[in-house]
Every structure is written in structure tokens, then in C-alpha cells.
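Presented below is the structure to which this report refers.
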Amino acid sequence: MAELKDRIDINVEELEMRLGAKKLPEFIKECEQGFIDRIDSIVESICSDFTKRAVFVSGPTSSGKTTFTMRLSDGLKKHGKEASFLSLDDYYIATALKFDKDGRPDFETIDSLDIERAARDVRDIIDGKKVIPPFFNFITRQSEELGEDSAIQLPDNGVLVVEGLHGLSEKFAGSVDSSMCIKVFIMPYGNVYCDTKLMDSQEIRLLRRIVRDNRHRGANALATIDYWPMIERSEETLLDDYLPRADFHLNSYLPYETLIIAPMALNDIKAALKAVEDGTIEPNAFMERSNKKKDFADLSTALSRCNKLISHLEMIPVVDPNHVPSASILNEFIT
């Protein structure tokens, strides 16, 4: 049973001390290597047991699940294992949405997945059968059936890597004998201080999400902050239900990321507030399917949180994102 451990705490003074032409690259390399080492220990555990046929990966939003699964697959291949990848996102089905009291739609619920088909496909793949998984097109919001070239069939030395928010659900991973799989819960686990606490693990994820949403999902920072209470509520059970089922907790927090992500999120938040002042702010993209027919779920609360974040983020030194290595997990959010 996994538990949250090895929390990484750092303060602004320590971050400032790691700046400089020589110190910063060393700091970045140190942080990245620490994350690689944590992944390698999981890879070695999988490869040391030939009975392991699947790896289930779960974790809250903006934890780095996608990049981790790719790195894990690469590590397995280097050890002579054939790795195949399956995303639970492709089992998304159009269902009747549920809403909170402010009209936020719940896109995170397990009920939005065809979990029975996903569990059946995984069992068949582990049994050596050829399976053609579905593909969900999030642009058309339609599930598409793929051809033979997308089929998955594990060889004798194969390992199936399955990733998704609900990857450790008992309805899903619980359908596979625990002796045949490894379960990983990934989440950044750390705090940033400056006399008082500036951000915790949840806010580290919020900043990652703000930056990613603004660049890849057509959602401004105010929209992400306005929608965040739904994410918080929908993920309340993850730590209680999924973490205890995991064999490993992987801490995806890279201390130097604060110097990169925080200034980017700060700029995104300020740009959104400027748009509010100008009357040009775009409606919350996550509220398009709301049952309340309003632009924002709770604008005043979101604005208040924006201002609190600004007061904290302005204390963080600024580092150019170009310093982030090309293989870093941070690129899942900033590029």
C-alpha cells in the first residue's frame, strides 16, 4: 500500500540561491535526475518480476501522468520489455452530465467512461488476445473505431501501461489479479514557502493547469480558477480510494519548476484580469455545457482567488522557460 512520502519543501530564499549561470543548470539537472531516479526504481521493480503484465497509473489532474507513462514505457523497453500503452481517455462516452450548485459540469467522473469495456479490453490484452481499442476524438467529441494497425497484442515479454485519472479504480484495475500488475499513483507533493506557505501540492497542480489550459485548451486563467472547485470536489476520493491501492507513489514535483510555472501562471492571471477590466474577457470554456447558462460559475470567488495568487506569485523569481530540458515532464504543461 502506497502513501504520500518524500515531500519536497523549498523556500523562496533557497530558490534565489540556486540562480546564476552555473548554479541554475546544475539545479535543473539535479531536479530532473531525481525524477528519473524515481521512475527507474519503479521500472526495476517491474522488470524484476516476470509475472507482471500490466502497470496501472492514476493521479489527479496536472500530475504528469502522460509524460510519466511515456518515460516508464521507454524504461521498460531499455530493459528488454515490449511496452504497449492504453489511455482511459479513449473510453470516454457521452453521458448525461452532472453539475454542482453553481452549474459547473463534472467532466472528471468515472461515469463518463465505458469502464466495463476498458476492463474487458485490459483483461483480454493481458491474456494475449488481440484488441483494437477505441479512440475518442475530443475535437468532434465522438468515439471512433480504429483499424488493425492500432491493435494491441502483448508478446510474452510485454507489459501493458494503462494511464488515466481513474486508472486505479476498483471497477477497473481491481478486475486484474494483483499478482500480475503494478499500480502507481502519481502526484506532485511539495510546499513553497516565503515566511508563510505560498503554495502547496494542490496549488502546484493548479498553476500547471492554468498554464496548460491557456495554451492548449482555449481557456483563460480565470476560467481554470473558476472551474477548479469542481476538480477539487471530484478528486476528493482519489487520495482515500486510489492511493492505498497503489504499490508506489511517484512525486512529480520538480522544485525548479516553481521558477518557470509560477511566473507563467502569473502572466496568464494578470492577462485575464486585464481582459475583465477591458470588458473583453472570454466566457469560461468549461461552462459551455453548463445547466445555468452563465459565463462563469462564481466570478467573484474566482477573482478573489486570482488576487490572492498574484500576491503569492509575485514573490517568485522569474526564469526563462527555455531552460526546461526537452524531455522534462514540465513540457506537458508549458509547450
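None of the values given here were measured: they were computed from a predicted structure. FYI, the numbering just counts along the sequence from 1.
- The closest side-chain donor-acceptor pair between D200 and N191, if any, does not fall under 3.5 angstrom.
- Around the CG atom of D156, the shell of radius 6.0 Å holds no more than 12 heavy atoms that belong to other residues, nucleotides or ligands.
- In this structure, Y242 and S169 have side chains that are in contact, with non-hydrogen atoms separated by less than 4.5 Å.
- Residue M17 places its CE atom among 12 or fewer non-hydrogen atoms of other residues, nucleotides or ligands, all under 6.0 Å distant.
- Side-chain atoms of K183 do not come within 3.5 Å of backbone N or O of S178 as any donor-acceptor pair.
- A donor-acceptor pair under 3.5 Å is absent between the side-chain atoms of T67 and the main chain of G64, judged by distance alone.
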>> Apply side-chain hydrogen bond (donor to acceptor under 3.5 Å, both in side chains) to residues E13 and Y193 and explain how you reach the verdict.
In response: CA-CA 9 Å; E13 183 179 359; Y193 295 91; over 6 Å; no

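- Across all non-hydrogen atoms, the minimal contact from I110 to H166 is N-NE2, 3.3 Å.
- The pair D127-R123 does not count as a salt bridge, with every side-chain nitrogen at least 4.0 angstrom from each carboxylate oxygen.
- Contact check for R215 versus I334: no side-chain heavy atoms found under the 4.5 Å cut-off.
- Pairs engaging residues 56-70 under the salt bridge (Lys or Arg N to Asp or Glu O under 4.0 Å) rule: none recorded [sequence neighbours left out].
- Smallest separation of non-hydrogen atoms from R117 and I132: NH2-O, 3.6 Å.
- The aromatic rings of Y189 and H249 sit perpendicular to each other, their planes meeting at more than 60°, with 30° as the lower class boundary.
- A distance of 6.0 Å separates CG of L254 from SG of C31, quoted to the nearest 0.5 Å.
- Here the side chain of E235 pairs a donor or acceptor atom with the backbone of T61 at under 3.5 angstrom.
- Within a 6.0 Å radius of NZ in K98, other residues, nucleotides and ligands contribute 12 heavy atoms or fewer.
- For the pair D278 (side chain) and T280 (backbone), a donor-acceptor distance under 3.5 Å is absent.
- The residues R18 and E26 are annotated as not salt-bridged, no charged nitrogen and carboxylate oxygen being separated by less than 4.0 angstrom.
- Neither side chain, Y256 nor E30, offers a donor N or O lying under 3.5 Å from an acceptor on the other.
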>> Does N214 form a side-chain hydrogen bond (donor to acceptor under 3.5 Å, both in side chains) with D268? I'd like the steps, not just the answer.
In response: CA-CA 7 Å; N214 197 41; D268 291 348; 3.1 Å; yes

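- Using a 4.5 Å heavy-atom threshold, the side chains of K270 and E314 count as touching.
- In this structure a side-chain-to-backbone donor-acceptor pair under 3.5 Å is present from D226 to D298.
- Rounded to the nearest 0.5 angstrom, I186 CD1 and N251 CG are separated by 9.0 Å.
- Using a 4.5 Å heavy-atom threshold, the side chains of V122 and V176 count as touching.
- The shortest side-chain heavy-atom distance between I28 and P325 falls under the 4.5 Å cut-off.
- Contact detail for S62 and R208: the closest heavy-atom pair is O-NH1, 3.0 Å.
- Atom-to-atom distance recorded for E232:CD and Y227:OH is 12.0 Å, nearest 0.5 angstrom.
- In this structure, N331 contributes its side chain and S326 its backbone to a donor-acceptor pair below 3.5 Å.
- Side chain of S234 to backbone of E108: no donor-acceptor contact under 3.5 angstrom is found.
- D100 places a side-chain N or O within donor-acceptor distance of the main-chain N or O of R104, the cut-off being under 3.5 Å.
- For K294, the NZ atom counts as densely surrounded, since its 6.0 Å shell holds more than 12 non-hydrogen atoms of other residues, nucleotides or ligands.
- Distance check, rounded to the nearest 0.5 Å: CD1 of I42 to CZ of R38 gives 9.5 Å.
- Here the straight-line distance linking atom CZ of R205 with atom OG of S63 works out to 5.5 Å at 0.5 Å rounding.
- A distance of 11.5 Å separates CG of D124 from CD1 of I152, quoted to the nearest 0.5 Å.
- Of the possible polar contacts, one joining the S73 side chain to the T69 backbone as a donor-acceptor pair under 3.5 Å is found.
- Residues F107 and L97 meet the side-chain proximity criterion, which asks for heavy atoms closer than 4.5 Å.
- Contact annotation: the side chain of P133 never approaches that of D90 to less than 4.5 Å [non-hydrogen atoms, C-beta and beyond].
- Contact record, A285 with A223: N-CB, 4.1 Å, taken as the closest heavy-atom pair.
- Under the 4.0 Å criterion applied to side-chain N and carboxylate O atoms, K171 and E116 are not assigned as salt-bridge partners.
- Heavy atoms of other residues, nucleotides or ligands lying less than 6.0 angstrom from CG of D49 number more than 12.
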Side-chain atoms of residues 75-88: list all donor-acceptor pairs with protein atoms under 3.5 Å, sequence neighbours left out, distances to 0.1 Å.
{"residue": "H79", "atom": "ND1", "partner": "G75", "partner atom": "O", "Å": "3.0"}
{"residue": "S87", "atom": "OG", "partner": "D89", "partner atom": "N", "Å": "3.2"}

> Where do Y91 and D121 land on the side-chain hydrogen bond (donor to acceptor under 3.5 Å, both in side chains) test, with the steps shown first?
Replying inline: CA-CA 11 Å; Y91 290 85; D121 283 356; 2.7 Å; yes

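- When all heavy atoms are compared, the tightest approach of P105 to M230 is O-CG, 3.7 Å.
- Cluster membership for M315 and M199, using ILVMFWY side-chain heavy atoms within less than 4.5 angstrom, is shared.
- Of all heavy-atom pairs spanning F35 and S252, the tightest one is CE1-CA, 3.7 Å.
- The shortest distance between side-chain heavy atoms of N11 and C194 does not fall below 4.5 Å.
- Although no hydrogens or angles enter the test, the distance criterion places no donor-acceptor pair under 3.5 Å between the side chain of N284 and the main chain of A297.
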